[in-house]
Undergrad: 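Pasting a structure below so you can have a look.
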Amino acid sequence: MILAIDTSTQALSVALVSEQTVLGEFSTTIKKTHSVQAMPAVKQLMTHCQAKPADITKIVVAKGPGSYTGVRIGVTLAKTLAWTLGAELVGISSLHSLAQNGAGFDGYITPMIDARRGQVFTSLFSSSNGLLTRVSDDHIVLCDNWATELTKLQKPVLFIGADTQIHQETIKGILGDQAQFATAAMNMPRASQLAHLCTGLPSEDVHSFTPNYARLAEAETNWLTAQNEGTSC
């Protein structure tokens, strides 16, 4: 049985999957801290599915990029449970999981999570016959620069993720009709997609596993800047 956890965005999603069957899934976008919601959500889900901790053999978690705090909470919870239960641990790109919601689209898919100051966490996938092929790695980029880069593609591009609405005007201004936008339901991260994507992937070392933040936290950036300024003096 696989327990999947995604807290990488404002949304919270947890799922229990057994032999390709989704036993249960709980998702919400209520604006409450994931540290308060996540463990009770897991407990509620397991109770509803009549599952016991000993039933869990693998834990898969959205490892980022995304919300710095959200990613950290999810990964910490997953590592703690994996170590406590003796379960395997697998990390999946938050963006890949989000892109999987649009697998039926014919063209390109670019999942997007807002990174503030006009920047986005994003990547690019080619979608055909329900299968996704990764075209670019996860990275952080200015949204207008990314949209300009995507004009080189010869097929429509599906933008997916709740944060696309923040940048929709910019995207449409550059890409025009080439840009298409996912529905609200498709924009919702689903933990069951993590369980689907983890098939065949090797497990992580619980103690050395780290999130993919795709950039330094603001506090770290400020600290490094201060250190450099102090050195230059």
Side-chain angles (χ1 to χ4, degrees), residues 2 4-6 8-9 11 13 15 17-22 25 27 58 60-66 71 90-115 119-204 212 214:
I2 299 172
I5 303 169
D6 190 340
S8 60
T9 64
S13 184
V17 178
S18 179
E19 297 181 352
Q20 303 302 313
T21 299
V22 179
E25 187 168 27
S27 300
K58 182 180 294 185
V60 55
V61 63
K63 65 178 181 179
V71 170
V90 177
I92 300 290
S93 160
S94 307
L95 293 169
H96 191 174
S97 176
L98 192 57
Q100 191 66 34
N101 287 350
F105 183 75
D106 184 19
Y108 290 94
I109 297 175
T110 181
M112 188 172 285
I113 299 173
D114 184 55
Q119 301 176 104
V120 293
F121 297 114
T122 191
S123 54
L124 184 65
F125 296 83
S126 175
S127 176
S128 179
N129 298 320
L131 298 176
L132 297 188
T133 302
R134 182 179 281 277
V135 177
S136 78
D137 292 332
D138 297 350
H139 60 289
I140 184 172
V141 64
L142 286 168
C143 184
D144 54 355
N145 288 350
W146 181 238
T148 300
E149 182 68 20
L150 295 177
T151 59
K152 301 175 184 178
L153 303 176
Q154 301 301 312
K155 290 185 177 181
V157 181
L158 177 68
F159 289 82
I160 191 166
D163 291 342
T164 56
Q165 60 184 332
I166 299 173
H167 306 278
Q168 187 165 339
E169 185 176 344
T170 297
I171 293 168
K172 287 191 69 66
I174 296 173
L175 284 164
D177 292 339
Q178 186 183 1
Q180 298 188 30
F181 298 89
T183 64
M186 293 168 65
N187 285 332
M188 181 78 171
R190 296 186 59 190
S192 56
Q193 294 287 21
L194 294 173
H196 169 72
L197 291 171
C198 80
T199 302
L201 294 181
S203 59
E204 307 275 359
N212 173 25

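These figures come from a predicted structure and were not determined experimentally. What you see below is based on every heavy atom in this structure, not just the backbone, and it leaves out hydrogens, waters and symmetry mates. Index from 1, following the sequence.
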Undergrad: Looking at every non-hydrogen atom in both residues, tell me the closest pair between Ser123 and Leu95 and how far apart they are.
TA: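 Closest approach of Ser123 to Leu95, heavy atoms only: OG-CB, 3.7 Å.
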Undergrad: Contact between Val60 and Ile5 at the side-chain level, heavy atoms closer than 4.5 Å - yes or no?
TA: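 They are not in contact (no side-chain heavy atoms under 4.5 Å apart), so the answer is no.
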Undergrad: Rounded at 0.5 Å granularity, tell me how far OG1 in Thr199 sits from CD in Gln20.
TA: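 Those atoms lie 5.0 Å apart.
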Undergrad: How far apart are the closest heavy atoms of Gly102 and Met186, and which atoms are they?
TA: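 Nearest pair, atom of Gly102 first, then Met186: CA-CE, 3.7 Å.
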Undergrad: Using modelled atom types and a 3.5 Å cut-off, is there a donor and acceptor pairing between side-chain atoms of Glu25 and backbone atoms of Ser192?
TA: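 Here the side-chain-to-backbone pair exists.
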Undergrad: I'd like to know if Lys152 and Glu149 make a salt bridge, using a cut-off of under 4.0 Å between side-chain N and carboxylate O.
TA: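 Salt bridge present between Lys152 and Glu149.
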Undergrad: Quick one: do the Thr133 and Ser126 side chains pair a donor with an acceptor below 3.5 Å?
TA: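 Checked: Thr133/Ser126 side chains show no N/O donor-acceptor pair below 3.5 Å.
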Undergrad: Heavy atoms, side chains only, cut-off 4.5 Å: are Ile171 and Val157 in contact?
TA: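 Side chain of Ile171 against side chain of Val157, heavy atoms only: no contact under 4.5 Å found.
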Undergrad: With a 4.5 Å limit on heavy-atom distance, are the side chains of Phe125 and Ser136 in contact?
TA: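 The answer is no; the side chains never approach within 4.5 Å.
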Undergrad: When you measure from the side chain of Ser93 to the backbone of His96, do you find a donor-acceptor pair of N or O atoms at a distance under 3.5 Å?
TA: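 Yes, Ser93 side chain to His96 backbone: donor-acceptor pair under 3.5 Å.
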Undergrad: To the nearest 0.5 Å, what is the distance between CD1 (Ile2) and CD (Glu19)?
TA: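 Spacing of CD1 (Ile2) from CD (Glu19) equals 10.0 Å.
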Undergrad: Please name the pair of heavy atoms, one in Ile160 and one in Ala99, separated by the smallest distance, quoted to 0.1 Å.
TA: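 What the structure gives for the nearest pair is CG2-CA, 4.2 Å.
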Undergrad: Please test His167 against Phe159 for side chain to side chain contact (heavy atoms under 4.5 Å, CB included), starting from the C-alpha separation and ending with a verdict.
TA: CA-CA 10 Å; His167 306 278; Phe159 289 82; over 6 Å; no
Undergrad: For Gln119 and Asp114, which heavy atoms make the closest approach, and how far apart are they?
TA: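 In this case the closest contact between Gln119 and Asp114 is O-OD1, 3.4 Å.
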Undergrad: Start with the C-alpha distance between Leu158 and Tyr108, add both sets of side-chain angles, then the distance that settles side chain to side chain contact (heavy atoms under 4.5 Å, CB included), and finish with yes or no.
TA: CA-CA 6 Å; Leu158 177 68; Tyr108 290 94; over 6 Å; no
Undergrad: For a quick test of reading the model, state the closest non-hydrogen atom pair linking Asp138 to Pro65 and the distance between them.
TA: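 For Asp138 versus Pro65, the nearest heavy atoms are OD2-CD, 3.5 Å.
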Undergrad: Does the side chain of Thr170 pick up a donor-acceptor pair with the side chain of Asp144 at under 3.5 Å?
TA: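 Distance-only check fails for Thr170 and Asp144.
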Undergrad: Tell me, do Phe105 and Gln180 make a side-chain contact under 4.5 Å, heavy atoms counted?
TA: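 Yes, their side chains come closer than 4.5 Å.
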Undergrad: Rounded to the nearest 0.5 Å, what separates atom OG in Ser128 from atom NZ in Lys155?
TA: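 Output value for this atom pair is 6.0 Å.
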Undergrad: Just so I know, are the side chains of Ser27 and Met188 near enough to count as touching, which here means a heavy-atom distance under 4.5 Å?
TA: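 Of all side-chain heavy-atom pairs linking Met188 with Ser27, at least one is under 4.5 Å.
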Undergrad: Return yes if some donor-acceptor pair links the side-chain N/O of Asp177 with the main-chain N/O of Ala179 below 3.5 Å, else return no.
TA: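 Checking the backbone N and O of Ala179 against the side chain of Asp177, no donor-acceptor pair under 3.5 Å is found.
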Undergrad: In the structure I gave you, are the side-chain heavy atoms of Val61 and Leu194 within less than 4.5 Å of one another anywhere?
TA: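 No, side chains not in contact.
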Undergrad: Quick check: do Asp163 and Val120 have side-chain heavy atoms less than 4.5 Å from each other?
TA: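 A side-chain contact under 4.5 Å is absent here.
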Undergrad: Does anything in residues 131-155 form a ring-ring contact (aromatic ring centres under 6.0 Å, His included)? List the pairs, not counting sequence neighbours.
TA: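 Sorted result for residues 131-155: His139-Trp146.
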Undergrad: Atom OG of Ser13 and atom CG of Asp6: how far apart are they, to the nearest 0.5 Å?
TA: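 So the gap between those two atoms works out to 6.5 Å.
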Undergrad: Please walk me through it: do Val90 and Lys58 pass side chain to side chain contact (heavy atoms under 4.5 Å, CB included)?
TA: CA-CA 8 Å; Val90 177; Lys58 182 180 294 185; 4.1 Å; yes
Undergrad: Would you say the side chains of Gln193 and Ser97 form a donor-acceptor pair under 3.5 Å?
TA: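 No pair is found: no donor N or O on one side chain lies under 3.5 Å from an acceptor on the other.
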Undergrad: Would you say the side-chain atoms of Asn129 pair up with the backbone N or O of Leu131, donor to acceptor, closer than 3.5 Å?
TA: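 No, Asn129 side chain to Leu131 backbone: no donor-acceptor pair under 3.5 Å.
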Undergrad: Which heavy atom of Phe121 sits nearest a heavy atom of Ala115, and at what distance?
TA: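 Looks like CE1-CB, 3.6 Å.
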Undergrad: Does a side-chain heavy-atom distance below 4.5 Å link Ile174 with Gln178?
TA: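 Result no, sub-4.5 Å side-chain heavy-atom pair not found.
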Undergrad: Please lay out, stage by stage, how Leu124 and Leu153 fare under the test side chain to side chain contact (heavy atoms under 4.5 Å, CB included).
TA: CA-CA 11 Å; Leu124 184 65; Leu153 303 176; 4.0 Å; yes
Undergrad: Hey, does the side chain of Gln100 reach the backbone of Leu197 with a donor-acceptor pair shorter than 3.5 angstrom?
TA: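 No: the side chain of Gln100 does not pair with the backbone of Leu197.
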